[in-house]
Amino acid sequence: YHTLNQAYLQENREEIQRLFDLCSRFQGRAARYVSAAGGILLDSRRTAACTTDFEKVRKEAARLAAHDRIRVLTHQSPDGDTLGCAGALCLGLRALGKQAQFVCADPVPGKYQSMLAPLTVQTFDPDFVVAVDLADPQLLGNLRAQYESAADLGIDHHGSNSGYAYETLVDDHAAAAAELLTELIP
């Protein structure tokens, strides 16, 4: 084991303290550089993950706006993503003066009913059908026969989307279909 020479330490105390302070400053600077590099890496991953085709979103928004009676399809055993998308889309379309309603093969679970309460039932024949968070027509449940080939637009975040709709907005990097709606509804 090495022993510290107390006399040497005392004699060079100021120099040792200066070097210690300098080392601390370099460590702080290095930590900031590592943090900044981590932020740059995270930003680059976010940029790479953002695969939404915004030109296509604008085109589909214009197509949607050209119609006045829109029916929104959700998947069976509805969850918060499909119901939240359906509700938001219907409310957004109604705010634009459109008729909009959503349909689901199964009843809306109780925990989502208050969220959808403002959506009074409207009866009309749709001139445009949108499916939200619906990767495959099988998920329509007992509505499959009626709507399997009726979807004009499919909005989804599942890479397994079968492409059943006439046009699709699919981004499998999105955490939820609702992320795509934020681009579709201004």
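To the nearest 0.5 angstrom, L143 atom CG is 8.0 Å from T74 atom OG1. One finds the CD1 atom of I70 at 7.5 Å from the CG atom of L89 (value rounded to the nearest 0.5 Å). Distance check, rounded to the nearest 0.5 Å: SG of C90 to CD of Q122 gives 8.0 Å. In this structure, CG in N12 is found 13.0 Å from CD in Q17, a value given to the nearest 0.5 Å. Between L73 atom CG and F102 atom CZ the span is 11.5 Å, to the nearest 0.5 Å. Of the inter-residue distances, the one linking E11 atom CD with I16 atom CD1 reads 10.0 Å to the nearest 0.5 angstrom.
For residues 143-167, the salt bridge (Lys or Arg N to Asp or Glu O under 4.0 Å) pairs, not counting sequence neighbours, are K56-E167, K59-E167, R144-E148. A ring-ring contact (aromatic ring centres under 6.0 Å, His included) check over residues 77-96, counting only residues at least two apart or in different chains, returns nothing.
Looking at residues two or more places apart in sequence or on another chain, you find no salt bridge (charged side-chain N to carboxylate O under 4.0 Å, His left out) involving E179. Residues passing the side-chain contact (heavy atoms from CB on, under 4.5 Å) test with S77 are D106, sequence neighbours excluded. Annotation: side-chain contact (heavy atoms from CB on, under 4.5 Å) contacts of L91 (sequence neighbours excluded): P118, L119. Not counting sequence neighbours, S114 has no partner by the side-chain contact (heavy atoms from CB on, under 4.5 Å) test. Checked against salt bridge (charged side-chain N to carboxylate O under 4.0 Å, His left out), E14 has no partners two or more places apart in sequence or in another chain. Annotation: side-chain contact (heavy atoms from CB on, under 4.5 Å) contacts of D125 (sequence neighbours excluded): none.
Other residues sharing a hydrophobic cluster with F124 under the 4.5 Å side-chain heavy-atom criterion for ILVMFWY residues do not exist; the residue is a singleton. Cluster partners of Y166: none. The rule joins Ile, Leu, Val, Met, Phe, Trp and Tyr whenever side-chain heavy atoms lie under 4.5 Å apart, and it links nothing here. Think of V121 as one node in a network of Ile, Leu, Val, Met, Phe, Trp and Tyr side chains linked at under 4.5 Å; it has no links at all.
Between Y112 and G80, the shortest heavy-atom contact is OH-N, 3.1 Å.
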Side-chain donor-acceptor contacts of residues 127-134 below 3.5 Å, not counting sequence neighbours, with atom names and distances?
unit_1	atom_1	unit_2	atom_2	d
D127	OD1	R69	N	3.0
D127	OD2	D68	N	3.3
D133	OD1	H157	NE2	3.1
D133	OD2	H75	NE2	3.2

*Could you give me the CA-CA distance, side-chain angles and deciding distance for L140 and Q76, then say whether side-chain contact (heavy atoms from CB on, under 4.5 Å) is met?*
CA-CA 6 Å; L140 286 167; Q76 65 186 359; over 6 Å; no
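With hydrogens and angles disregarded, no donor-acceptor distance shorter than 3.5 Å links the side chain of N161 to the backbone of D136.
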